[in-house]
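So that the names make sense, note that chain A is the first sequence line, chain B the second, and so on, each numbered from 1.
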Protein chains: 2
Amino acid sequence: MRKDGPISERGDGDHGQRSSAQRVLQAVRRHGPLARVDLGALLEMSPASISSLTSDLLREGFLREVPESGGAEPGRGRGRPKVLIELAPEAACMIAVKLTINRIEVARGDFAGGTGPVTARAFNTLELGADELLAALGDLIAGEIAALPASAGRLMGIGIAVQGLIHGAATIIWSPALSLRHVNIAAPLAARFGLPAIAMNDADCIALAIRQHSELQAIDNLAVVMLGTGVGMGLIIDGKLHAASSGLGAEFGHTKYQIDGPLCHCGRRGCIESFVGDYALYRDARSMLDLPNTDALHPSEEQMQALTDLAESGHPVAVSLFRQAGRALGYGLSNLIALLGPDLILVTGSGVRGFRQMEPAMRQALDEALVDTLRSQTEIRPRAWDEDLTLRGIVLQVLGEARTG
Amino acid sequence: MRKDGPISERGDGDHGQRSSAQRVLQAVRRHGPLARVDLGALLEMSPASISSLTSDLLREGFLREVPESGGAEPGRGRGRPKVLIELAPEAACMIAVKLTINRIEVARGDFAGGTGPVTARAFNTLELGADELLAALGDLIAGEIAALPASAGRLMGIGIAVQGLIHGAATIIWSPALSLRHVNIAAPLAARFGLPAIAMNDADCIALAIRQHSELQAIDNLAVVMLGTGVGMGLIIDGKLHAASSGLGAEFGHTKYQIDGPLCHCGRRGCIESFVGDYALYRDARSMLDLPNTDALHPSEEQMQALTDLAESGHPVAVSLFRQAGRALGYGLSNLIALLGPDLILVTGSGVRGFRQMEPAMRQALDEALVDTLRSQTEIRPRAWDEDLTLRGIVLQVLGEARTG
C-alpha cells in the first residue's frame with residue numbers, strides 16, 4: 001500500500017471507504033464491463049457494499065451503466081439482460097506524449113484508458129536544446145488541449161513516454177533520442193499548463209499496457225523485453241512496475257554477454273544490445289553483405305526487414321548474425337531468470353521480426369547457462385508488435401493504475 | 001497489501017482496525033521501545049487512536065510498558081520519565097532451525113524477534129535419506145520444545161532456514177547440503193508437531209534480518225550478497241523480500257561471468273560462483289600452491305583464512321586469484337545493477353574475509369561494465385560477518401514481518 005496513489009491513503013479515518021472505491025474503479029478498468037454481482041465476487045465485497053459504492057461512483061460520473069451486449073446468454077436461465085458497469089471515458093482526460101528519436105507523438109487519453117487519434121511531428125531530436133525540446137513538446141500539447149472536445153471531461157494531467165533513463169518521473173538522465181542530458185521535462189510543462197505532468201520510460205509504459213490484458217493480470221512477475229534499435233525492458237515485480245528509487249534498473253540491454261566484446265551505444269563493451277539491437281545487427285551485416293548505406297545507428301524498418309528476409313531465405317551470413325544475436329539474448333535472459341525468476345518473459349518490440357531466426361540459438365544458450373530447475377519455471381515467448389502500446393501505457397500511468405495495482 | 005499475512009486482511013469489515021494493530025506491532029518491532037507520542041508520529045495516527053490500540057495490545061499481552069532508560073533527558077523539560085512501549089518477548093515463541101552442510105542448529109525465537117541459546121548437531125547431511133533428514137530435524141525440534149520454559153508463551157510455529165532453492169515455503173528443490181532433491185520438509189514437521197511450519201532460503205533470512213537494523217529500514221531496494229562456499233543473495237525489492245512465484249530467483253551465484261568458463265557446482269559453466277565461491281578459490285589455489293589437501297567442495301574456515309592471509313602478504317598467485325574473483329564479482333554486480341538498480345548492495349557472509357583483496361578488481365570491473373549514470377546510483381559495501389543472522393531472519397519470517405513490511 002503506497003501513499004502516493006491518486007487518492008491519498010492514510011492509516012486512519014475514511015481509508016477503508018476511499019480505497020474500496022478505488023478498488024472498484026481498478027477492477028472495472030482491468031476487467032472491462034462487469035455486472036455488480038461479478039464485481040462483488042471479484043473484490044470479495046458484500047452486495048450491499050458494492051451497491052453503495054457503485055451508486056456513489058455512478059452519481060459522481062466515474063462509472064456508467066450499459067446493457068450486457070447480446071442480452072442474456074442462452075441457458076443461463078436469467079429472464080432479463082444484466083446491466084453492466086463500465087468506466088465513463090468522459091469522466092476525465094489527459095494528454096499523452098511519446099518522445100523517440102526524430103519523432104514526437106501526442107494523443108488524448110480518456111478515463112477508461114483509451115487513446116484518441118495520434119498527431120505525429122518529425123524533429124531532429126538529437127539537435128534540440130533544452131528550450132527547443134520543451135517548446136516542441138509544449139506546442140504539441142497546447143495543440144492537443146485546444147482540440148479537446150467539450151465532452152472530454154476534466155483534464156487531469158500530462159504524461160510523457162521517453163526512450164531512455166528517467167529519474168523521479170521528471171528528469172531525462174539519458175536518452176538515445178537526445179544529445180541533452182539531465183533535463184527535467186515534467187516541471188516546466190507542469191508550470192506552463194498548470195497541470196500535473198510525469199515522464200516515464202517507454203518500455204515501462206509498454207509493460208504496463210501489456211499486463212493490462214486480462215489474460216496476463218494473474219502474472220505477478222513479468223518481464224517485457226523490447227527489441228528494436230536498442231534493447232529495453234519493463235519489469236513487473238510482485239504485481240507492480242519495478243522502478244528503483246534511483247529511477248534506474250531494467251536496463252537489460254546493458255547487461256553483459258561478452259566482456260571485451262563489441263562496442264555498445266552506451267560506450268562500454270559486450271552489452272546484450274551490442275549483439276541484439278537493430279543497429280548492431282545492421283552494422284555487422286554491412287561489413288559482410290552488400291546492403292544499402294544508412295545512418296548506421298538507426299537502420300530503417302525496411303532495411304531491417306530486408307536483413308531478416310535474407311536470413312529467412314537461408315543466407316548463411318545473415319543466418320549466422322541472427323544466431324549470434326539469439327545466443328547473446330539467451331545468455332542475457334539466463335541472468336535475468338537467475339536473479340528474478342519471472343513467471344513469464346515476453347519478447348516484443350519491432351525487433352521481434354527476427355525472433356524466429358534467433359529462437360533456436362536463444363533456447364540452446366539458456367539450456368547451456370542454467371540447470372533445468374532454474375530455467376523451467378520461466379516461460380519465454382514472443383509477442384507480435386502489431387500495435388504501439390506506449391501511449392496506452394502512459395495513459396494508464398497518469399490514471400494511477402500502476403501505483404495502486 | 002497481501003492476504004496471507006499472520007492476521008488475515010479483507011477489503012471489508014474490521015480491516016482498518018486489524019491492520020492498525022498490526023502496524024503498531026510492526027513499528028515497535030522495527031524501532032524498538034517507543035513512547036506513544038513517537039509511535040503516533042511515526043504512524044501518522046491520532047493520540048486517541050494510538051492510546052486505544054496500545055491499551056488493547058497491552059491487555060492482550062503483545063506489548064509491555066518500560067520506563068525510559070536513564071529517565072528524562074536533561075534539557076528536554078519534562079518532569080517525569082516517559083513510559084515506553086515494547087514488544088513482550090513472552091507473548092509467543094517459535095522454533096528456529098538452520099540446515100547447512102553437515103550441521104543442523106536449533107534455537108527458540110521470541111515474539112520480540114530475539115533468539116535463545118543455539119543447540120548444534122553434526123550430521124553427514126549429504127548421506128541423509130528423506131526419512132532420516134526429517135527424523136533428525138524433528139528430534140532436534142522436539143528437544144527444543146521439551147526444553148521451552150513455562151514463560152515462553154504460546155508456541156506459534158516452526159521455521160527452517162535452508163541453504164538452497166526452496167519452493168512454496170516448504171519444498172527443498174535443491175540444496176548443496178543434501179543429495180536429496182524435491183523433498184517437502186515443512187508438511188511432515190507441521191503434521192508431527194501440529195504447528196505451522198515454513199522453510200526459507202538462508203540468504204533470504206539474512207537479508208531480512210539485516211534490513212531490520214534501523215539504519216537500513218529506509219532502503220527500499222537492497223541486495224545482500226552472501227559469499228561463502230557458494231554465492232547466494234537475498235533481495236529486498238520495494239521494501240519486501242523478493243520471492244518469485246516459482247520460489248526461485250536471487251540466484252546471483254549462477255549468473256554468468258564467462259561463457260565456457262570453469263565448471264560450477266551446479267553443473268553449468270562460467271557462473272560467478274565458479275570464480276568467487278570458497279570452493280572455487282581453493283580448487284584453483286591448490287593447483288598452484290602447496291596447500292593442505294581437503295574436501296575440495298568444502299574447504300574449512302582455517303584453510304580459507306590461510307589462503308586469504310597468503311594474498312594479504314602479497315603472494316602473487318594468491319593475489320591474482322582474488323583479483324580474478326573480484327573481477328567476476330564486479331561483472332556479476334554490474335548485471336544486477338543494470339537490471340534492478342538497487343540503492344545498496346551489501347557483501348557479507350564468511351567469504352567477506354577476502355573482500356579487501358577482491359575490491360580493487362571488483363570496482364574496476366564495474367567501471368568497465370557500466371556507464372557512470374547507471375553505476376553511480378548504487379552503493380556497494382562490505383558488511384562484517386561477525387554474527388550469523390540466519391536464525392534471527394527465520395524468526396522474523398515466522399512472525400510474519402516479511403509479509404506485512
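Contacts with chain B were tallied for A:Ile219, A:Ile259, A:Asp260; A:Ile259 has the most, counting heavy-atom pairs under 4.5 Å.
A donor-acceptor contact shorter than 3.5 Å is absent between the side chain of A:Asn221 and the backbone of A:Ile237. Side-chain atoms of B:Ser274 come within 3.5 Å of backbone N or O of B:Cys271 as a donor-acceptor pair. A:Gln163 places no side-chain N or O within 3.5 Å of a backbone atom of A:Pro176 that could act as its donor or acceptor partner.
Relative orientation of the A:Tyr331 and A:Tyr257 rings is tilted, given thresholds of 30° and 60° on the angle between their planes. Using bins of under 30°, 30° to 60° and over 60° for the plane-to-plane angle, the ring pair A:His254/A:Trp174 lands in the perpendicular bin.
For the 3.5 Å distance criterion, the side chains of B:Ser46 and B:Ser49 qualify, holding a donor opposite an acceptor.
A salt bridge links A:Arg211 to A:Asp220: at least one charged side-chain nitrogen sits closer than 4.0 Å to a carboxylate oxygen.
Of residues 362-370 of chain B, those residues lying under 4.5 Å from chain A by any heavy-atom pair are B:Asp367, B:Glu368, B:Ala369, B:Leu370.
Both the backbone and the side chain of A:Leu336 come within contact range of chain B, with heavy atoms under 4.5 Å apart.
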